[in-house]
Trainee: 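Sharing a structure here in structure tokens format.
Convention: sequence-line order gives letters A, B, ...; per-chain numbering from 1.
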Amino acid sequence: MTDLTFLRESAEIVAPRLLGCILERRVDGKTLRVKIVETEAYDQNDAASHSYRGRTSRTDVMFGPSGRLYVYFTYGMHYCCNVVVGPRDYGAAVLIRAVEPLFGVGSIEKRRGKTGVEATNGPAKLCQALAIDKAMNGHNLHTGTLRLIVQGALPSSAITQTTRIGISQAADIPWRFYITGNPFVSKR
DNA sequence: AGCGGGATTTTCT
DNA sequence: GAAAATCCCGCTT
């Protein structure tokens, strides 16, 4: 069991810290492994966050213990996934916006029907690539078919920090982080 | 390469 | 009833 206690820190601290970490997924008898290359922080005091309007059936997982997966459905057809962070009863999470496939690339591209960066360079794309849907909401990332494997923190010189994508509220807060120059980042 | 529109349904006002 | 932490396709430069 890997040590995920750092996930109790605030979202804006954890978001850059998750860059370079590994997600390992077991599905259809195969093991997939990807590297996180782009993240965004969401906090309950942040108007762009689903948790801003309080604890609801949808946001319940965000207010639970850190180290769980928060999966939401949007635009009538897409799933996006977050790592729940912060203390229990505090609604915060880090959106995984893009990943770089390391192992099981063929399986990932087949599930997506796309190849290369198009397979995983977006939050809904990577969920489809890793077969993540509502059934995975609340999943404990320490164990089971989807695990978070911590890697050493990247130097800040390797990370670009900028504003988040696709939001209208609090659009000026620079809580998007990505690995500078990585081709799987969703937008430059 | 960049823009515009359509898809499609959950969630909250 | 409107908006939504998006993606894909087709059309224009």
Side-chain angles (χ1 to χ4, degrees), chain A residues 7 10-19 21 23 34 36-64 66-86 90-101 108-139 141 146 148 159-179 181-188:
Chain A
L7 296 179
S10 64
E12 68 268 34
I13 297 296
V14 175
R17 184 68 187 75
L18 284 175
L19 297 176
C21 291
L23 282 173
V34 300
I36 297 170
V37 303
E38 180 181 353
T39 59
E40 285 179 358
Y42 288 90
D43 183 277
Q44 69 175 25
N45 293 318
D46 152 29
S49 175
H50 292 166
S51 56
Y52 183 66
R53 315 225 174 250
R55 193 169 188 161
T56 65
S57 57
R58 176 213 209 182
T59 61
D60 190 60
V61 173
M62 281 186 81
F63 289 84
S66 63
R68 305 299 176 94
L69 194 72
Y70 166 51
V71 181
Y72 67 90
F73 183 72
T74 191
Y75 289 103
M77 64 186 81
H78 298 301
Y79 296 99
C80 298
C81 69
N82 299 245
V83 176
V84 174
V85 303
Y90 191 90
V94 174
L95 173 69
I96 309 300
R97 278 199 59 89
V99 299
E100 175 180 344
I108 283 171
E109 293 184 341
K110 183 177 178 185
R111 187 171 288 101
R112 279 277 301 137
K114 300 275 180 182
T115 60
V117 298
E118 293 299 321
T120 56
N121 66 347
K125 295 179 185 181
L126 70 91
C127 280
Q128 185 184 14
L130 300 178
I132 293 171
D133 63 13
K134 206 68 183 289
M136 298 290 294
N137 190 38
H139 174 78
L141 290 168
L146 180 64
L148 176 65
I159 296 173
T160 298
Q161 176 172 5
T162 182
T163 52
R164 296 172 292 183
I165 291 182
I167 56 170
S168 52
Q169 301 294 309
D172 55 323
I173 300 179
W175 279 357
R176 173 178 177 233
F177 303 86
Y178 62 86
I179 299 177
N182 186 286
F184 287 85
V185 170
S186 64
K187 291 187 182 180
R188 301 245 8 184

Trainee: Rounded to whole angstrom units, what separation is found between the CE atom of A:Met77 and the P atom of B:dG6?
Mentor: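 After rounding, the gap between these two atoms is 13 Å.
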Trainee: Heavy atoms only: give me the nearest A:Arg188-A:Tyr178 pair and the separation to one decimal.
Mentor: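 Closest approach of A:Arg188 to A:Tyr178: C-OH, 4.1 Å.
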Trainee: Would you mind telling me which residue lines up with the more 5' stretch of DNA chain C, A:Gln169 or A:Pro123, judged by nearest nucleotide?
Mentor: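 Between the two, 5'-proximity favours A:Gln169.
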Trainee: Heavy atoms under 4.0 Å, any strand shown: does A:Leu95 hit a base, just sugar-phosphate, or nothing?
Mentor: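 Base, at least one base heavy atom under 4.0 Å.
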Trainee: Side chain of A:Arg58, heavy atoms from C-beta onward: which of C:dA5, C:dC7, B:dA7 has the nearest atom to it?
Mentor: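 Given the options C:dA5, C:dC7, B:dA7, the side chain of A:Arg58 is closest to C:dA5.
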Trainee: Could you pull out the closest heavy-atom pair between A:Leu148 and A:Cys21, with the gap in Å?
Mentor: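 Smallest interatomic distance, heavy atoms only, reads CD1-CB, 4.1 Å.
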Trainee: Are A:Val83 and A:Ile96 packed together at the side-chain level, in the sense that at least one heavy-atom pair is separated by less than 4.5 angstrom?
Mentor: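 Side-chain contact under 4.5 Å: yes.
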Trainee: Round to the nearest Å and state the distance from A:Leu126 atom CG to C:dT6 atom C1'.
Mentor: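 Taking CG of A:Leu126 and C1' of C:dT6, I get 12 Å after rounding.
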Trainee: Rounded to the nearest angstrom, tell me the gap between atom CZ in A:Arg188 and atom C1' in B:dA1.
Mentor: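 From A:Arg188 CZ to B:dA1 C1': 15 Å.
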Trainee: About how many Å separate CG of A:Leu126 and CZ of A:Arg97, when rounded to the nearest 0.5 Å?
Mentor: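 Rounded to the nearest 0.5 Å, the CZ-CG separation comes out at 9.5 Å.
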Trainee: Which class fits the ring pair A:Tyr79 and A:Phe73: parallel under 30°, tilted 30 to 60°, perpendicular over 60°?
Mentor: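 Tilted.
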Trainee: For the residue pair A:Ala119 and A:Arg112, what are the closest heavy atoms and their distance?
Mentor: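 Looks like O-NE, 3.0 Å.
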Trainee: So, is A:Lys134 near the phosphate of B:dT11, with a side-chain N or O under 4.0 Å from OP1 or OP2?
Mentor: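 Yes, A:Lys134 has a side-chain N/O under 4.0 Å of OP1/OP2 on B:dT11.
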Trainee: Whole angstroms only, please: what is the CG-C1' distance between A:Asp43 and C:dA5?
Mentor: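 Whole-Å distance recorded here is 15 Å.
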Trainee: For the pair made of CD1 in A:Ile132 and P in C:dT6, what is the distance, rounded to whole Å?
Mentor: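 Taking atom P of C:dT6 as the reference, CD1 of A:Ile132 is at 16 Å.
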Trainee: Please check the phosphate of C:dC8 (OP1 and OP2 only) for any side-chain N or O of A:Arg112 closer than 4.0 Å.
Mentor: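 Yes, such a contact exists.
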Trainee: In whole angstrom, give me the gap between the P atoms of C:dA3 and B:dG5.
Mentor: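 One P to the other, the span is 16 Å.
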Trainee: For DNA chain B, which residues of residues 46-54 of chain A approach it to below 4.0 angstrom with any heavy atom?
Mentor: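 Of all residues in residues 46-54 of chain A, the ones placing a heavy atom under 4.0 Å from DNA chain B are A:Arg53.
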Trainee: Among residues 67-76 of chain A, which ones have heavy-atom contacts with DNA chain C below 4.0 Å?
Mentor: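 Result for residues 67-76 of chain A: A:Tyr72, A:Tyr75, sorted by number.
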Trainee: In dot-bracket, 5' to 3', how would DNA chain C read with Watson-Crick or G-U wobble pairs under 3.5 Å, [ ] for crossing ones and | for pairs to another strand?
Mentor: ||||.|||||||.
Trainee: Give the minimum heavy-atom separation between A:Arg176 and A:Lys187, together with the two atoms involved.
Mentor: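 Here A:Arg176 and A:Lys187 meet closest at NH2-O, 2.7 Å.
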Trainee: Figure out the CG/P separation between A:Asp60 and B:dC12, and round it to whole Å.
Mentor: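 From A:Asp60 CG to B:dC12 P: 11 Å.
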Trainee: At what distance, to the nearest 0.5 angstrom, does CD of A:Glu40 lie from CH2 of A:Trp175?
Mentor: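 It comes to 11.5 Å.
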Trainee: Atom CG of A:Asp43 and atom CE of A:Met62: how far apart are they, to the nearest 0.5 Å?
Mentor: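 Reported value, rounded in 0.5 Å steps: 8.0 Å.
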Trainee: OP1 or OP2 of B:dC12 sitting under 4.0 Å from any side-chain N/O of A:Thr56?
Mentor: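 So the side chain of A:Thr56 is within the cut-off, an N or O lying under 4.0 Å from OP1 or OP2 of B:dC12.
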Trainee: Can you find a side chain N or O atom of A:Lys125 that sits less than 4.0 Å from OP1 or OP2 on C:dA5?
Mentor: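 No, because none of the side-chain N or O atoms of A:Lys125 sits under 4.0 Å from OP1 or OP2 of C:dA5.
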Trainee: Nearest heavy-atom pair of A:Val117 and A:Phe184: which atoms, and what distance?
Mentor: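 Answer, listing the atom of A:Val117 first, then A:Phe184: CA-CE2, 3.5 Å.
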Trainee: Minimum heavy-atom separation for A:Ala11 to A:Ala92, with atom names?
Mentor: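 In this case the closest contact between A:Ala11 and A:Ala92 is CB-CB, 4.4 Å.
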Trainee: Mind calculating the distance between CD1 (A:Ile167) and C1' (C:dA4) to the nearest angstrom?
Mentor: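 My rounded result for the distance is 12 Å.
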Trainee: Please report the distance, rounded to the nearest Å, between NE2 in A:His78 and P in B:dA7.
Mentor: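 Value for this atom pair: 13 Å.
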